[in-house]
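Here is the structure we will look at.
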Amino acid sequence: MSALIPRPRAVRTSPGSFEFTRREPVSGPADLTDAVRLALPALDLTGRAVGAPEPRITVERDKDLGPESYALTVTPEAVQIRAGDATGALYAGQTLRQLLPPDAYRSSALPGVRWSVPCVSVEDGPRFSWRGAHLDVSRHFLPKREVLRMIDLLAVHKLNRLHLHLADDQGWRVESRAYPLLHEVGSHRAQTTTRPFRGQEPAFDGTPHGGYYTLADLSEIAEYARARAVTIVPEIDVPGHASAILAAYPHLGAAPARRYDVLDRWGISPAILSPLPATIDFLSAVFGEIIDALGAVPYFHIGGDECVLDDWAASGEIEAYRRSLGLGSVGDLHAWFLRRLADILAERGSRAVVWDEAFVSGMLRDDTIVMPWRGAQVGRRAAEAGHDIVATPVFPLYFDYAEAGSAEEPAAIGDAITVEDVAAFEPAPSSWEPEVAGRVLGAQFQLWTERIPDARTLDYRAWPRGCAVAQVTWSGGADGFAEALPAHLTRLDAYGVEYRPPAGPRPWQRGGTGDRRHRPGAVEVGEVMRRLDALTHEADSTRPSI
Ligand code: ACM
């Protein structure tokens, strides 16, 4: 009934319905009523006027319910919400929004809609605490308005982390007052490749691409996210993926005489920051600016993936520094460098997050969170070693893969990851020992944007697979998901989300016959996973892996 996504823990229906009138008052503690009102913009709910009769809609705090949890009871006479905290109240509001007609997802109320909710009793709370999305705003910049819209869509689905990949070879995306060339030089490139597939003749669009968030934009994004129970997880990916930083400040490179450009093509670049103290000082200052702008940053991602360490090995100065630290290899130096950054972040109250290469090379702080993108086995090893992990495997959580191996799809990195694949995903497999499985904080989907040039394509890739991530991380298990999805898609229609229809792309969503044509079968995701898993067992984990 009612097609709720993600599926609540318990739902009981009863006959009858409750009819909202617009501008109806809600009573309860202000932080809770504000959260409920935020989730229901079309109803335009109000506060309780002094001396007015007791409203029909009430919200109460109930500490027994725990974080993010709520109970919702709808009868013909009343809507009663109990919530463990403001997030629980927000999520009770989101469930009510799903119980209303799909027009509740429009930005203003249409005339003549009956705001009717079936009588129901819901008890609900999350399975995992980390329910996220990763958005690469480096390869293609997404303007602030799209980030805010993504936050809204995450909140609709009770997803609560937005990991922003703010720096990579193809663009640096944050203002820096301490190092202004980062945004002045590092935030744009002259052109972008239009022929990214192996074996194609290189070709470029000849069009500049760029953009960055000011520190004030970051503050606004963080505040907007906080109100919607979404935590922003910034990522500055180091020491590799560094072309944009080095285009601005080449002296921070391991080969300081070299000159760099913000890259106009994809793939793994050898550009790498030096691990010397000047780089640590630089990153410490820039991390500080980002933390100050975001307000509170419980988690700060420092990358650590796909590093080509050749320039470190070739530098006499870096080799001498490595020996002075008593480290046996450049791989150890890579691990030491990330640990040093994690220590600096800890002093600022942030836990470091890394991609799994940083775990394989060893030396992490115990409290560092690992994102095992190369598969479950490396995730299990990180969890066994005592790290909290967030499941991020390429299959089925890299949404830059097409949903079908079909020439009708717009160009994707490979294929195929279907919505059913995502719904069937288990972040903490039952075969893992309970203590190890207990280290799984949750999961998140990755939107790498080499082949996502704009917000319309982003919608197509993110939804409805993102809905399945909501189900997996909030409810666990695919039960009821396929049955609920058709009704849920009518909500996304009302919201204006250009998702991928289950039957395949609409005519204008297809790749066509030009450079945006997909190459079905060129890269098969199962084969990629096999290769990546093998790499996690190699001694030198810092070799680039795709
Ligand atoms: C990654 O895909 N390099 C994290």
Side-chain angles (χ1 to χ4, degrees), residues 130 132-140 161-171 173 196 233-245 263 265-273 299-309 334-335 338 341 352-361 364 368-379 381-382 387 389-402 412-415 417 443-452 461 469 523-536 538 540-546:
W130 190 298
H134 153 285
L135 188 56
D136 168 10
V137 291
S138 171
R139 274 48 178 269
H140 281 100
R161 301 278 184 266
L162 179 59
H163 169 174
L164 286 177
H165 186 77
L166 292 166
D168 213 303
D169 292 301
Q170 293 80 10
R173 302 294 176 219
V233 181
E235 179 183 356
I236 299 297
D237 192 353
V238 291
H241 293 267
S243 302
I245 299 175
L263 287 192
R265 64 200 73 200
W266 320 129
I268 292 164
S269 137
I272 188 161
L273 298 178
Y299 314 102
F300 199 119
H301 202 304
I302 52 178
D305 59 322
E306 297 179 323
C307 294
V308 184
L309 300 178
H334 171 259
L338 292 167
L341 295 179
V353 188
V354 293
W355 299 112
D356 64 52
E357 286 96 326
F359 160 70
V360 177
S361 55
L364 294 181
T368 297
I369 296 169
V370 177
M371 290 190 166
W373 66 282
R374 296 183 294 178
Q377 290 317 316
V378 66
R381 276 160 41 217
H387 292 288
I389 68 167
V390 176
T392 54
V394 171
F395 182 84
L397 296 180
Y398 270 34
F399 288 3
D400 49 342
Y401 281 77
I413 190 166
D415 40 70
I417 295 177
Q444 67 179 30
F445 57 93
Q446 278 47 241
L447 288 161
W448 298 104
T449 57
E450 288 94 332
R451 293 160 185 79
I452 302 181
R461 293 261 177 258
V469 171
V523 177
E524 195 274 311
V525 69
E527 177 54 27
V528 170
M529 289 303 286
R530 280 187 286 281
R531 279 178 24 220
L532 290 176
D533 181 55
L535 281 162
T536 66
E538 290 189 5
D540 181 3
S541 71
T542 47
R543 280 186 50 225
S545 35
I546 307 194

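Note that ligands are numbered from 1 as they come in the structure, with each ligand's atoms numbered from 1 the same way.
- Of the N and O atoms on the side chains of Q170 and W266, not one donor lies less than 3.5 Å from an acceptor on the other residue.
- Remark: H163 engages H134, H301, W355 in a ring pair (Phe, Tyr, Trp, His ring centres under 6.0 Å) (not counting sequence neighbours).
- Looking at ligand 1, you'll find an N or O of D305 within less than 3.5 Å of one of its N or O atoms.
- Contact atoms of ligand 1 toward Y398: 1 (C), 2 (O), 4 (C) (distance under 4.0 Å to a heavy atom of the residue).
- Closest approach of I302 and V354 over heavy atoms only: CG1-CG1, 3.7 Å.
- The distance from ligand 1 to the heavy atoms of E306 drops below 4.0 Å at these ligand atoms: 3 (N).
- No side-chain donor-acceptor contact under 3.5 Å links H387 to the backbone of A382.
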